[in-house]
Chemist: 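Dropping the structure in here first, questions after.
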2 protein chains.
Amino acid sequence: EGAVVTGIAADRQAARISVTRIPDRAGAAAELFEPLGREAINVDVIVQTAPQDGHCDLSFTVPKASAKQAQQLLEGLRSELGFAEVRVDDCVAKVSIVGAGMRSQSGVALRCFRALGQAGVNLQLISTSEIKISVVVDERFAEVAVRVLHDAFELDKPQGERKGL
Amino acid sequence: EGAVVTGIAADRQAARISVTRIPDRAGAAAELFEPLGREAINVDVIVQTAPQDGHCDLSFTVPKASAKQAQQLLEGLRSELGFAEVRVDDCVAKVSIVGAGMRSQSGVALRCFRALGQAGVNLQLISTSEIKISVVVDERFAEVAVRVLHDAFELDKPQGERKGL
Ligand SMILES: C[C@@H](O)[C@H](N)C(=O)O
Ligand SMILES: C[C@@H](O)[C@H](N)C(=O)O
């Protein structure tokens, strides 16, 4: 399988938006993103965890420059959709590990979480796929996060000499 | 930018695991995945939404065959980590849209949510990236989900003749 990590990137222009306690019914996610699609707001890394007692939380990132507009568009849906609140945090950075064959069982996700945990970096949002692991952290930790991940995956060494994944 | 959807796939061998109310402190995610990494459990699509009142929910998928073992490994951490519960649902299917350039603002995510919502398919978990949008649905809706997505993205037409994204 051979997972290969090719790079670490930090996007300090991201803001995190969370919508809490969305009623768990078919179509609710589409209604939520309609106005953002209409206004061509650049939405990235949408994550939703499993519903609980009939409600879901959903988080995603937008450019900091669109955060206010996105918040207003979503607030406008609150009574119609019945969710609890829209929370915006623009003091964050999106840190991504990019590679190939990174299905999480290869330990890439674990090595990433371990390195960030040991450096005291708290994870506000997590999203993994085969080619990318993205986490949102406090923007003050962006430098530290990139550096400890760079070390954890030995990116200063040539690919052939790195510890196996 | 030209987002291109190349295929729709359903994985009926997936189970969804959720760990609720994990204390929101650096390192907690690593401690959670340590035993799964040690036992080489195949973990895919890890999602965590933003912390609330000092706790986070985290969901991910594992092969149905590993669900029981994963649950037991995680239950063993409950008192040490202090999370609320481990929930397993093995009556689910993971449905993925695979493509390129699918940054969500291109409307791919919205078109996906709209098609599934109109077909009455409820989304239990959502994870998006540039090359893949994955949702977890009740396994009874796996066929319907694949069919309505296939239609929504006109995959029976040649790429050049499909509605723009
Ligand atoms: C819950 C978990 O993600 C925690 N916030 C961490 O950083 O590890
Ligand atoms: C909250 C939202 O994802 C809902 N479950 C839906 O299917 O649209």
Side-chain angles (χ1 to χ4, degrees), chain A residues 16-18 20 24-34 36-37 40-52 56-60 62 87 89 103-105 107 109-136, chain B residues 16-18 20 24-34 36-37 40-52 56-60 62 87 89 103-105 107 109-136:
Chain A
R16 172 180 54 71
I17 293 186
S18 296
T20 60
D24 181 34
R25 58 173 175 70
E31 288 160 35
L32 203 73
F33 285 99
E34 286 287 351
L36 302 181
I41 301 231
N42 183 338
V43 169
D44 197 17
V45 192
I46 304 170
V47 295
Q48 178 203 301
T49 47
Q52 288 200 64
C56 307
D57 290 351
L58 193 146
S59 295
F60 55 91
V62 296
R87 298 182 169 184
D89 187 345
R103 295 183 62 78
S104 317
Q105 81 278 9
L110 180 53
R111 194 184 285 190
C112 163
F113 298 158
R114 212 190 269 142
L116 294 173
Q118 281 165 0
V121 179
N122 194 31
L123 310 175
Q124 297 185 14
L125 185 150
I126 300 172
S127 173
T128 73
S129 79
E130 292 82 0
I131 64 148
K132 192 173 190 176
I133 294 178
S134 295
V135 295
V136 167
Chain B
R16 171 180 57 70
I17 294 185
S18 297
T20 60
D24 181 34
R25 55 173 178 71
E31 287 161 36
L32 203 74
F33 285 100
E34 284 290 349
L36 303 181
I41 297 213
N42 181 340
V43 170
D44 196 18
V45 191
I46 303 169
V47 294
Q48 179 204 301
T49 47
Q52 289 201 60
C56 304
D57 290 351
L58 194 146
S59 295
F60 55 91
V62 295
R87 299 184 173 180
D89 186 347
R103 294 181 63 78
S104 315
Q105 79 280 7
L110 180 54
R111 192 182 287 189
C112 164
F113 298 160
R114 209 188 273 146
L116 294 173
Q118 283 165 358
V121 178
N122 192 33
L123 311 175
Q124 298 185 14
L125 185 149
I126 299 172
S127 172
T128 74
S129 77
E130 292 82 1
I131 62 148
K132 191 174 192 178
I133 294 178
S134 294
V135 294
V136 167

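The figures here come from the full heavy-atom set of this structure, side chains too, leaving out hydrogens, waters and symmetry mates. Computed from a predicted model, the values in this text were never measured in an experiment. Reminder, nothing fancy here: chain letters follow the sequence lines and each chain counts from 1.
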Chemist: B:Thr49 versus chain A, heavy atoms under 4.5 Å apart: side chain, backbone, both or neither?
Modeler: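 When you check distances to chain A, atoms from both the backbone and side chain of B:Thr49 fall under 4.5 Å.
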Chemist: Can you name the nearest heavy-atom pair linking A:Gln52 to B:Asp57, along with the distance?
Modeler: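 Looking at all heavy atoms of both residues, the closest pair is NE2-OD2, 2.6 Å.
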Chemist: Name all pairs fulfilling the salt bridge (Lys or Arg N to Asp or Glu O under 4.0 Å) condition that reach into residues 114-128 of chain B, sequence neighbours left out, sorted by first residue then second.
Modeler: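 As it turns out, the salt bridge (Lys or Arg N to Asp or Glu O under 4.0 Å) pairs with a partner in residues 114-128 of chain B, which skip direct neighbours, are A:Glu34-B:Arg114.
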Chemist: Closest approach of B:Ser127 and A:Thr128, non-hydrogen atoms and distance?
Modeler: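 Heavy-atom minimum between the residues: OG-O, 4.0 Å.
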Chemist: A:Arg87 versus chain B, heavy atoms under 4.5 Å apart: side chain, backbone, both or neither?
Modeler: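 When you check distances to chain B, only side chain atoms of A:Arg87 fall under 4.5 Å.
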Chemist: What is the minimum heavy-atom distance between A:Gly120 and B:Ala26, and which atoms define it?
Modeler: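 Minimum heavy-atom separation between A:Gly120 and B:Ala26: C-CB, 3.5 Å.
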Chemist: Could you check which of A:Asp24, A:Val62, A:Val135, A:Leu36 has the highest count of heavy-atom pairs closer than 4.5 Å to chain B?
Modeler: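 It is A:Asp24.
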Chemist: Nearest 0.5 Å, please: how far is CD1 in A:Ile133 from OG in B:Ser129?
Modeler: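 Reported to 0.5 Å precision, the distance equals 11.5 Å.
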Chemist: Could you tell me which portion of B:Asp89 (side chain, backbone, both or neither) has an atom closer than 4.5 angstrom to a non-hydrogen atom of chain A?
Modeler: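 Contact with chain A involves no heavy atom of B:Asp89 at all.
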Chemist: Looking only at heavy atoms and a cut-off of under 4.5 Å, which of B:Glu130, B:Glu31, B:Arg111 has the most pairs with chain A?
Modeler: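 Most heavy-atom pairs within the cutoff with chain A belong to B:Glu130.
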Chemist: Pick whichever of B:Leu116, B:Val136, B:Thr20 has the most heavy-atom pairs under 4.5 Å with chain A.
Modeler: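 Among the listed options, the one with the most contacts to chain A is B:Thr20.
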Chemist: For chain A, which of B:Gly117, B:Ala50, B:Ala119, B:Cys112 has the most heavy-atom pairs under 4.5 Å?
Modeler: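 Most heavy-atom pairs under 4.5 Å with chain A: B:Ala50.
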Chemist: So which part of A:Leu58 gets closer than 4.5 Å to some heavy atom of chain B, the side chain, the backbone, both or neither?
Modeler: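 For A:Leu58, the contact with chain B is made by backbone and side chain together.
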Chemist: Report which part of B:Gln124 has an atom under 4.5 Å of a heavy atom belonging to chain A: side chain, backbone, both, or neither.
Modeler: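 Backbone plus side chain of B:Gln124, per the 4.5 Å heavy-atom cut-off to chain A.
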Chemist: What part of A:Ile131 lies closer than 4.5 angstrom to a heavy atom of chain B: side chain, backbone, both or neither?
Modeler: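 Side chain only.
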Chemist: Of all heavy-atom pairs between B:Val47 and A:Gln48, which one has the smallest distance, and what is that distance?
Modeler: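 Nearest heavy atoms, B:Val47 then A:Gln48: CG2-O, 3.6 Å.
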Chemist: Which pair of heavy atoms, one from A:Ile126 and one from B:Ala29, lies closest together, and at what distance?
Modeler: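 Closest pair (atom of A:Ile126, atom of B:Ala29, distance): CD1-CB, 4.2 Å.
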Chemist: Report the distance from atom CD1 of B:Ile46 to atom OG of A:Ser134, rounding to the nearest 0.5 Å.
Modeler: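 If I round to the nearest 0.5 Å, the distance is 12.0 Å.
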Chemist: Counting only heavy atoms closer than 4.5 Å, note whether B:Leu123 contacts chain A via side chain, backbone, both or neither.
Modeler: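 Interface part for B:Leu123: both.
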Chemist: Only counting residues at least two apart or in another chain, list the ones meeting ring pair (Phe, Tyr, Trp, His ring centres under 6.0 Å) with B:Phe33.
Modeler: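 Per chain and number, B:Phe33 pairs via ring pair (Phe, Tyr, Trp, His ring centres under 6.0 Å) with A:Phe113, B:Phe60.
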Chemist: If you compare all heavy atoms of A:Asn122 against all heavy atoms of B:Arg25, which two are closest, and at what distance to 0.1 Å?
Modeler: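 Reported closest heavy-atom pair: OD1-C, 3.4 Å.
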